[in-house]
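A short write-up of the structure that comes next.
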Amino acid sequence: MAWLSITLELDPAQAETLSDALLEAGAESVSLESTSNDPATLEPGARMRVVALARAAVDPGALVAAAAAAAAIAPPGFALARVEEEDWVRRSQAQFGPIRIAERLWIVPSWHVPPDPASIVVRLDPGLAFGTGSHVSTRLVLQYLERHLRPQTERPRVLDYGCGSGILAIVAAKLGAGEITATDIDPQALATTAANAIDNAVVLKVAAPESLLPGTFDLVLANILAGPLIELEPLLAARTRAGGRIVLSGILESQAAEVAAAYAKDFDAGVISAAEGWALVGGARK
């Protein structure tokens with residue numbers, strides 16, 4: 001079976017946003033890589049390469065146009081190549097190596113040996129559901145969890161809202177959180193999260209939003225986009241206990257003040273951290 005490889009080059013903020021939109025528009029997988037000579041650093045003015053894989057029957061122009069409209073950017077130019085099934089597997093595996101998220105946390109695909117077996121290792125392969133740890137917005141939340149979850153002092157109840165691959169919920173479990181619930185409106189994301197939890201030997205409650213049991217959580221995580229996060233404020237506030245914390249990502253730095261303002265009624269909300277044009281917003285429930 002043949003596939004289409006669609007390659008685009010964009011500035012980092014647009015690349016992150018468009019990669020999500022490409023998955024929503026029908027791409028089977030999306031990867032990001034730096035065009036810099038040193039892929040470990042993002043030089044000023046550097047661009048990111050977005051590589052999307054789609055079924056051969058897909059109209060690539062329509063796919064890119066739909067994703068660009070969802071991301072609110074002008075449709076970018078792209079290069080197109082045909083990829084055979086066997087080549088796709090090799091290419092995907094070559095593009096996704098181990099990712100060091102923090103001093104003691106690695107995300108490692110199943111075909112790689114963990115670089116540091118003594119660290120906390122999360123096994124996660126790229127797939128249909130978003131979230132492999134490569135996105136800055138995801139890393140910001142994972143780094144927050146690595147800094148703040150201390151199982152020897154507390155085991156918080158955690159809600160991962162918009163779980164995608166389940167990476168946030170799985171890392172929370174690996175770091176010693178207590179009862180963890182993961183939810184998403186996408187059935188594929190729920191299935192992927194459940195499978196990834198089994199692969200990592202952690203226990204999660206996985207359910208669609210309408211099937212969640214009543215109750216509140218000590219820590220609510222949501223890595224989505226600024227617009228949906230603003231709309232979800234009443235729902236997420238209702239799920240956060242008094243004194244509990246909310247952590248929001250998928251937010252451009254230019255959008256952080258607007259998101260924080262939307263949550264100010266119910267939370268002591270502000271910017272927690274930022275990197276490469278993306279911000280982590282959150283605070284304590286009033």
Side-chain angles (χ1 to χ4, degrees), residues 3-36 42 44-55 58-81 92 95-96 126-141 161-165 167-168 184-186 188-189 192 221-233 248-262 271 274-281:
W3 301 81
L4 295 177
S5 173
I6 305 166
T7 302
L8 315 92
E9 290 192 5
L10 300 158
D11 68 65
Q14 287 185 333
E16 293 271 3
T17 304
L18 189 68
S19 65
D20 294 349
L22 284 165
L23 287 170
E24 292 292 333
E28 299 293 334
S29 72
V30 179
S31 64
L32 285 173
E33 56 192 54
S34 175
T35 60
S36 168
L42 194 62
R47 290 167 72 78
M48 296 292 289
R49 184 176 296 112
V50 180
V51 182
L53 284 162
R55 296 182 182 275
V58 168
D59 180 341
L63 175 68
V64 171
I73 65 173
F78 59 87
L80 194 63
S92 295
Q95 287 173 343
F96 291 94
L128 296 181
F130 172 74
T132 61
S134 61
H135 285 248
V136 176
S137 59
T138 306
R139 292 203 307 269
L140 286 171
V141 186
Y161 198 97
C163 56
S165 67
I167 185 171
L168 304 184
D184 202 294
I185 61 173
D186 181 3
Q188 176 66 52
T192 300
L221 311 170
N223 179 21
I224 312 176
L225 290 171
L229 286 173
I230 290 172
E231 294 179 9
L232 285 167
E233 193 280 338
L248 310 170
S249 196
I251 305 162
L252 294 172
E253 282 192 86
S254 59
Q255 302 168 325
E258 181 183 5
V259 175
V271 175
E276 298 178 25
W278 294 84
L280 192 68
V281 173

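How far CG of L10 is from OG1 of T17: 9.5 Å, rounded to the nearest 0.5 Å. With values rounded to the nearest 0.5 angstrom, L18 atom CG is found 4.5 Å from I73 atom CD1. Rounded to the nearest 0.5 Å, atoms CG (D59) and CG (L4) are 9.5 Å apart. With rounding to the nearest 0.5 angstrom, the CG atom of L229 is 8.5 Å from the OG atom of S249.
With Q188 as the partner, the side chain to side chain donor-acceptor pair (under 3.5 Å) test is satisfied by one option alone out of D186, D184, T192: T192.
Inter-residue side-chain proximity for T7 and V50 is flagged as unmet; no heavy-atom pair is nearer than 4.5 Å. Side-chain contact between S137 and D20 is absent, with no heavy atoms from C-beta onward closer than 4.5 Å. Inter-residue side-chain proximity for Y161 and I224 is flagged as met; some heavy-atom pair is nearer than 4.5 Å. V51 has its side chain out of reach of V30: every pair of non-hydrogen atoms, C-beta onward, lies at least 4.5 Å apart. Side chains of N223 and L248 form no contact here, defined as non-hydrogen atoms less than 4.5 Å apart. Side-chain contact between L280 and V141 is present, with heavy atoms from C-beta onward closer than 4.5 Å. When side chains are defined from C-beta on, L140 counts as touching W278, because their heavy atoms get closer than 4.5 Å.
Shortest non-hydrogen contact noted between L8 and P76 is CD2-CG, 3.4 Å. The minimum heavy-atom distance linking L63 with A27 is given by the pair CD1-N, 3.9 Å. In plain terms, the two heavy atoms of V64 and L22 that are nearest each other are CA-CD2, 4.4 Å. Of all heavy-atom pairs between V271 and A256, the closest is CG2-CB, 3.7 Å. Closest heavy-atom contact between A68 and P75: CB-CA, 3.7 Å. A226 approaches Q255 most closely through the heavy-atom pair CB-OE1, 3.3 Å.
By the neighbour-count criterion of 12 heavy atoms within 6.0 Å, atom CG of L80 is densely surrounded, having more than that number from other residues, nucleotides or ligands. Around atom CD of E253, more than 12 heavy atoms belonging to other residues, nucleotides or ligands sit under 6.0 Å away. Atom CD of E258 is surrounded by 12 or fewer heavy atoms from other residues, nucleotides or ligands within 6.0 Å.
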Let's go through M48 and E276 carefully: what are the C-alpha distance in whole Å and the side-chain angles of both, what is the deciding distance for side chain to side chain contact (heavy atoms under 4.5 Å, CB included) to 0.1 Å, and is it a yes or a no? CA-CA 12 Å; M48 296 292 289; E276 298 178 25; over 6 Å; no
